[in-house]
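Before any comments, here is the structure.
First listed ligand is number 1; within each ligand, the first listed atom is number 1. Numbers here simply count residues along the sequence, with the first being 1. Just so you know, these numbers come straight off a predicted model, no measurement behind them.
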Amino acid sequence: MKELICLGIETTAHTFGIGIVTEKGKVLANCKKAYTTEKGGIIPYHLFEHHTNVATEVLKDALKIAGVKIDEIGLISYSNAPGLGNALRVGAFVARYLAGKNKIPLVGVNHCIAHLEIGRLLTKAKDPVMLYASGANTQIIGYEAGKYRIFGETLDIGVGNFLDSFARHVGLGFPGGPKVEELAKKYVSNYNNENKSKNKNIKSSSQPPLIELPYSVKGMDVAFGGLLTNLKQKFDSGRFSKEELCYSVQETVFAMLVEVSERAMAHTGKNELLLGGGVACNKRLQEMCRRMCEERGAKFFVPENQFLIDNGAMIAWNGILAFKGNGHKGIKIENADIKPYERTDEVLVEWR
Ligand code: ATP
Ligand code: FE2
């Protein structure tokens, strides 16, 4: 029998992505185009226009890179939840069109779960706690009794949106996360270079002192709103440099994320941690998670960046899992809807 190949469409937020993945988990293509703005956030109508305009090009690129024709695709999947209505609608439309025109079975998948499943596929983590840290989402997720449960989450904004808001306030532009990381790294290396030039005997690197910031962990939940206000006030006072604030903010919020991840691991007895989401690209966050895992004898997993940020390959892979898990049943085209507010723990995981 021919191997099943799935074409997955990701459009929950600013990325229009198409991935093509085989039943054995080989990623044949992972193409994307992202909507960006010079200043400010997403304008929903412009996002709709962006995704509509790039759809054909991204589709053609993906098929070309994968070296397959549309009639070799055995399954279409699309991210039906959660996300912005104007973005989700484009993916659902493209999916319905491709499935209907080419008579291909169709499935919808949850974006947050797709982040976790692509991580499990690529890192070989078996039953991890996932720290899903992206722009809009911050969740600690783990599998229990048929569903991916949310053990902890942000009580207000996502950690990525928090970093982006702080970065915008101090004039670093969007997306802010990578710029905050760069300035923090520079601050640490300047600090160490100065120390070494003062005292030639110092060989190893050390961490600069932290600016004290609000640390908001409630059980396994986190919150960033108060911290954001506090940071803005600190920056506006003129008493602190951008660099030292970037350093202190990373240390503080990543410590919060590591703490709640570790608590979830301890409560569930799981001994693997998997990272997902755009903020997980951050090397300092990775290092802090790795160290926590080492200290408790657990395994740490992180896929490469293209699979951490929003991507079509994860939707394609989750499509294959869902399709096989429910006995190869697709959904009717007229039922291919969107669920902007669906939560991770509402989805029945039939493939585990
Ligand atoms: P989701 O829909 O899952 O919430 P998203 O639309 O926010 O995802 P992602 O690509 O997962 O998209 O994440 C984008 C976020 O990741 C942005 O907030 C960005 O600032 C942040 N980010 C990217 N790289 C880094 C980094 N190196 N350090 C910190 N944050 C980063
Ligand atoms: Fe995402």
Side-chain angles (χ1 to χ4, degrees), residues 8-17 19 30 32-37 40-42 44 47 50-51 79-88 91 109-119 130-139 141 150 153-154 156-170 172-186 224 228 246-247 249-254 256-257 275-289 302-315 318 338-344:
I9 304 162
E10 157 58 30
T11 60
T12 54
H14 44 58
T15 301
F16 183 96
N30 191 27
K32 58 170 94 65
K33 283 218 178 295
Y35 164 90
T36 53
T37 58
I42 290 174
L47 184 63
H50 170 269
H51 287 358
S79 48
N80 61 4
L84 302 165
N86 270 8
L88 287 167
V109 304
N110 177 292
H111 173 94
C112 309
I113 294 178
H115 270 292
L116 195 152
E117 289 299 356
I118 194 78
M130 181 172 82
L131 168 58
Y132 170 33
S134 68
N137 293 288
T138 304
Q139 293 182 342
I141 306 170
I150 304 170
E153 63 188 314
T154 176
D156 44 40
I157 49 175
V159 62
N161 287 356
F162 157 78
L163 289 170
D164 293 338
S165 302
F166 163 67
R168 197 153 59 226
H169 187 81
V170 303
L172 293 175
F174 174 85
K179 293 185 181 120
V180 171
E181 177 174 23
E182 201 183 304
L183 289 194
K185 207 170 141 197
K186 214 183 268 172
F224 301 107
L228 183 59
C246 286
Y247 162 71
V249 78
Q250 280 203 161
E251 296 301 306
T252 307
V253 296
F254 295 165
M256 287 161 53
L257 297 178
L275 292 188
V279 180
C281 297
N282 189 293
K283 292 282 179 280
R284 179 62 183 150
L285 176 60
Q286 293 181 7
E287 185 188 330
M288 289 167 73
C289 290
V302 56
E304 60 175 282
N305 285 2
Q306 63 162 318
F307 300 108
L308 284 172
I309 59 175
D310 290 352
N311 66 89
M314 68 182 192
I315 305 302
N318 201 162
I338 59 167
K339 303 167 190 167
Y341 301 105
E342 181 181 76
R343 282 172 61 79
T344 309

Exercise for review: Taking atom types as modelled, find out whether His111 and Asp310 have a side-chain donor-acceptor pair closer than 3.5 angstrom.
Suggested key: yes
Review point. Lys283 near ligand 1, heavy-atom distance under 4.0 Å?
Key: no
Check your understanding: Do any heavy atoms of Pro178 fall under 4.0 Å from ligand 1?
Key -> yes
Any idea which atoms of ligand 1 are less than 4.0 Å away from a heavy-atom of [X]?
| X | value |
| --- | --- |
| His14 | 6 (O), 12 (O) |
| Ala136 | 4 (O), 7 (O) |
| His115 | 3 (O) |
| His111 | 1 (P), 2 (O), 3 (O) |
| Ser134 | 1 (P), 3 (O), 4 (O), 8 (O), 11 (O) |
| Gly278 | 9 (P), 11 (O), 13 (O), 16 (O), 22 (N), 23 (C), 24 (N), 25 (C), 31 (C) |
| Gly160 | 18 (O) |

State, with a plain yes or no, whether a side-chain heavy atom of [X] is found less than 4.5 Å away from one of [Y].
| X | Y | answer |
| --- | --- | --- |
| Leu257 | Val159 | yes |
| Asp156 | Phe162 | no |
| Thr12 | Leu88 | yes |
| Asn311 | Lys32 | yes |
| Leu183 | Leu172 | yes |

Protein contact of [atom] - nearest heavy atom, named by residue and atom, plus distance:
| atom | result |
| --- | --- |
| atom 15 (C) of ligand 1 | Gly135 N, 3.7 Å |
| atom 21 (C) of ligand 1 | Val279 CG2, 3.9 Å |
| atom 3 (O) of ligand 1 | Tyr132 OH, 2.4 Å |
| atom 28 (N) of ligand 1 | Asn282 ND2, 3.0 Å |
| atom 6 (O) of ligand 1 | Asp310 OD2, 3.1 Å |
| atom 30 (N) of ligand 1 | Gly177 CA, 3.3 Å |
| atom 27 (N) of ligand 1 | Glu181 OE1, 2.7 Å |

Check whether any side-chain N or O of [X] sits under 3.5 Å from a backbone N or O of [Y] as a donor-acceptor pair, and report yes or no.
| X | Y | answer |
| --- | --- | --- |
| Asn318 | Val109 | no |
| Asn80 | Lys339 | no |
| Glu117 | Met314 | no |
| Ser79 | Thr11 | yes |
| Thr154 | Thr138 | no |
| Asp164 | Gly176 | yes |

Exercise for review: Give the contacting part of Ala13 toward ligand 1: side chain, backbone, both or neither, where contact means a heavy-atom distance below 4.0 Å.
Suggested key: side chain
**Study point:** Location of contacts on Asp164 toward ligand 1, heavy atoms closer than 4.0 Å
**Key:** side chain
Point to revise | Ile315 side, atom CD1; Ile113 side, atom CD1 - distance, nearest 0.5 Å | key: 10.5 Å
Point to revise | Metal site the Fe ion (ligand 2), protein N/O/S atoms found under 2.8 Å | key: 3
Check your understanding: Which word best sums up how the rings of His50 and Tyr35 line up, parallel for under 30°, tilted for 30 to 60°, or perpendicular for over 60°?
Key -> perpendicular
Check your understanding: With the threshold set at 4.0 Å, does a side-chain nitrogen-carboxylate oxygen contact exist between Arg284 and Glu287?
Key -> yes
